Amino acid sequence: MSSETLEFSGCNFFRLRLAYSILSGRPIRIVSIRKNDDRPGIRDFEAKLIGMLEKVTNGTKVEISRTGTQVNFRPGMITGGVVTVDCGTERCISYFLEPLILLSPFCKLAMTIKLKGVTNSPGEISVDGIKASWLKVYNKFVLNDEKLDIQIQCRGLKPEGGGVVIFTAPIVKTLRPVKRQQVGKVCKIRGQAYVTKVTPSLAYRMIDAAKKAMHGYISDVFIAVDQRKGDAGGSSPGYGLFLTAETTEGVVYQAEAVSRPKGEQGNPILPEDIGVEAGHALLQQIYMGGALDSSAQVLASTFMTLCPKDVSHFLYGPLPMYSVHCLRHLKQFFEIEFKMEEYQKIQKNEDADLRTGSSDKAMITAVGVGYSNLNKTIL
């Protein structure tokens, strides 16, 4: 594999590019980072991300231009170990968890990372979502998952944060190829109505609204209340509802709605509106279908690439733009191409009559690059 420097432009997909640079051993140069913005250059959360990746690797060299609009990144070896990271309050902790999960199987020392910041944020996948959907997919690719866990010790909402999350992952010598195309039928819906530093009655109002929104779909619905007080509730008041749906084949879909951060402009969102929004978002995710949640497509695509030289295939729902760019980045870094087939054309006749949701599903097939051997040549 070539070790020439890859060049990218702009600030999009920043964490993906850094993670793939470390995994492939290829240096990268990112130019024109917000060059026409009022505040050009990298943001504070991107600097914290670079600092975190330096802590879990050995020998990584980073050069940031004076204006912050250019980053030269030369990756080192993945070491892992016990690390504490302050993620700030600009982005959710999940922004930092994504690259950590992609790197975690290939560490020299088992990862135990303590992250401090915001656990649930509007418009971003939350730590709960990563735990529910990403770890399920992670389990499919590894044999040893006994230490794999994400613990939410303190829940933190914007603007002050105050959340604490501990991510632990085992060392995995190699990943295993995965063939997942059975989706199954949704058999249960579970959820968590969380409230921090506000009255717990809001949680029950969210639960009632969510159950009404999903009424008539399935009877096995149970939503627990997660009330946090003191330090465990972080530094800001707020509330939200996190829902998961599990199928008979063990596929987990997730959706979430969260209140508007304190001090933000606009009217506060009623608990009933949050319940309805989360319920409808979950039903939409179930309709989109696939053998994994749409947010975890990035993880599945990456691990399929890093598998031994064997065929893996996964049934995806409609691909979000982030997943499309993930596949393009994998081609640039690892010189791998994915075969994509319309599921409608390849499914069996007896399956065609079932109500399986969206018709835009895709069967993704790839032959892994054999990362364990690749890693030895890089190191």
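For the single chain, residues carry numbers from 1 onward in sequence order. Just so we're clear, the structure is a prediction, and the values are computed from it rather than from any experiment. No hydrogens, no waters, no symmetry mates; every other heavy atom, side chains included, goes into these values.
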**Asked** Residues two or more places apart in sequence or in another chain: which of them pass salt bridge (charged side-chain N to carboxylate O under 4.0 Å, His left out) with Glu46?
**Response** Arg34

**Prompt:** Among Arg190, Lys188, Lys185, whose salt bridge (Lys or Arg N to Asp or Glu O under 4.0 Å) with Asp220 holds?
**Reply:**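 Single pass found, and it is Arg190.
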
**Item:** Stepwise side-chain hydrogen bond (donor to acceptor under 3.5 Å, both in side chains) test for Tyr253 and Gln284
**Value:** CA-CA 10 Å; Tyr253 304 117; Gln284 177 65 27; over 6 Å; no

**Asked** In terms of ring plane angle, is the pair Tyr322 and Phe13 parallel, tilted or perpendicular, where the classes change at 30° and 60°?
**Response** parallel

**Asked** Taking the six-membered ring for Trp, are Tyr20 and His329 parallel (under 30°), tilted (30 to 60°) or perpendicular (over 60°)?
**Response** tilted

**Request:** Starting from the C-alpha separation in whole Å, work towards a yes-or-no answer on side-chain contact (heavy atoms from CB on, under 4.5 Å) for Gln192 and Val225.
**Result:** CA-CA 6 Å; Gln192 222 175 22; Val225 176; over 6 Å; no

At what distance, to the nearest 0.5 angstrom, does [atom1] of [X] lie from [atom2] of [Y]?
X      : Y      : atom1 : atom2 : result
Leu243 : Ile223 : CG    : CD1   : 5.0 Å
Met288 : Lys361 : CE    : NZ    : 10.5 Å
Leu102 : Leu18  : CG    : CG    : 11.5 Å

Should we count [atom1] of [X] as having more than 12 external heavy atoms under 6.0 Å?
X      : atom1 : answer
Lys212 : NZ    : no
Lys35  : NZ    : no
Arg228 : CZ    : yes

[Y] versus [X], side-chain donor and acceptor atoms under 3.5 Å:
X      : Y      : value
Ser323 : Gln297 : yes
Tyr239 : Gln227 : no
Ser294 : Gln285 : yes
Gln254 : Asp128 : no
Tyr343 : Ser359 : no
Glu256 : Ser126 : yes

**Request:** Start with the C-alpha gap between Arg43 and Asp37, add the side-chain angles, then the distance that decides, and say whether salt bridge (Lys or Arg N to Asp or Glu O under 4.0 Å) holds.
**Result:** CA-CA 11 Å; Arg43 295 280 185 264; Asp37 206 89; 3.2 Å; yes

Find out if a path of hydrophobic residues (ILVMFWY) with successive side-chain heavy-atom gaps under 4.5 Å connects [X] to [Y].
X      : Y      : answer
Val164 : Met111 : no
Val165 : Val118 : no
Ile171 : Leu100 : no
Val172 : Leu135 : yes
Ile113 : Ile166 : no

Which atom of [X] lies closest to which atom of [Y], heavy atoms considered:
X      : Y      : result
Thr248 : Gly184 : OG1-CA, 3.4 Å
Val367 : Lys309 : CG1-C, 4.1 Å
Ala169 : Tyr138 : CB-OH, 4.1 Å
Val251 : Arg180 : CG2-NH2, 3.9 Å
Gly10  : Ile30  : O-CG2, 3.3 Å
Val142 : Arg176 : O-NH2, 3.5 Å

**Request:** Check step by step if side-chain contact (heavy atoms from CB on, under 4.5 Å) holds for Leu327 and Leu319.
**Result:** CA-CA 10 Å; Leu327 298 177; Leu319 272 77; 3.8 Å; yes

**Item:** Member of Ile152, Val258, Thr119 meeting the side chain to side chain contact (heavy atoms under 4.5 Å, CB included) criterion with Tyr194
**Value:**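 The option that passes is Val258.
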
**Request:** Among Arg15, Lys48, Lys158, find the one that has a side chain to side chain contact (heavy atoms under 4.5 Å, CB included) with Arg91.
**Result:** Arg15

**Message:** For Glu337 and Arg328: C-alpha separation, side-chain torsions, deciding distance, then whether salt bridge (Lys or Arg N to Asp or Glu O under 4.0 Å) applies.
**Reply:** CA-CA 9 Å; Glu337 290 193 6; Arg328 290 175 183 168; over 6 Å; no

**Request:** Run the ring-centre check on Phe333 versus Phe8 and record whether the distance is less than 6.0 Å.
**Result:** yes

**Prompt:** Are Phe45 and Tyr95 near enough that their ring centres are under 6.0 Å apart?
**Reply:**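 Here the rings of Tyr95 and Phe45 have centres that are less than 6.0 Å from each other.
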
Give a yes or no answer on whether the side chain of [X] reaches the backbone of [Y] with a donor-acceptor pair at less than 3.5 Å.
X      : Y      : value
Thr57  : Ile78  : no
Lys55  : Thr84  : yes
Trp134 : Ser295 : yes
Thr305 : Ser301 : yes
Thr247 : Val186 : no
Ser94  : Ile125 : yes
Glu124 : Cys92  : yes
Ser21  : Arg26  : yes
Ser236 : Glu160 : yes

**Request:** Let me see the working for Ile28 and Glu7 under side-chain contact (heavy atoms from CB on, under 4.5 Å), right down to the final yes or no.
**Result:** CA-CA 6 Å; Ile28 60 171; Glu7 184 163 310; over 6 Å; no

**Message:** So that I can tick it off, tell me whether Asp293 and Lys136 are bridged by a salt bridge, with the cut-off set at under 4.0 angstrom between side-chain N and carboxylate O.
**Reply:** no

**Item:** Worked verdict on Thr365 versus Phe338 for side-chain contact (heavy atoms from CB on, under 4.5 Å)
**Value:** CA-CA 6 Å; Thr365 308; Phe338 290 79; over 6 Å; no

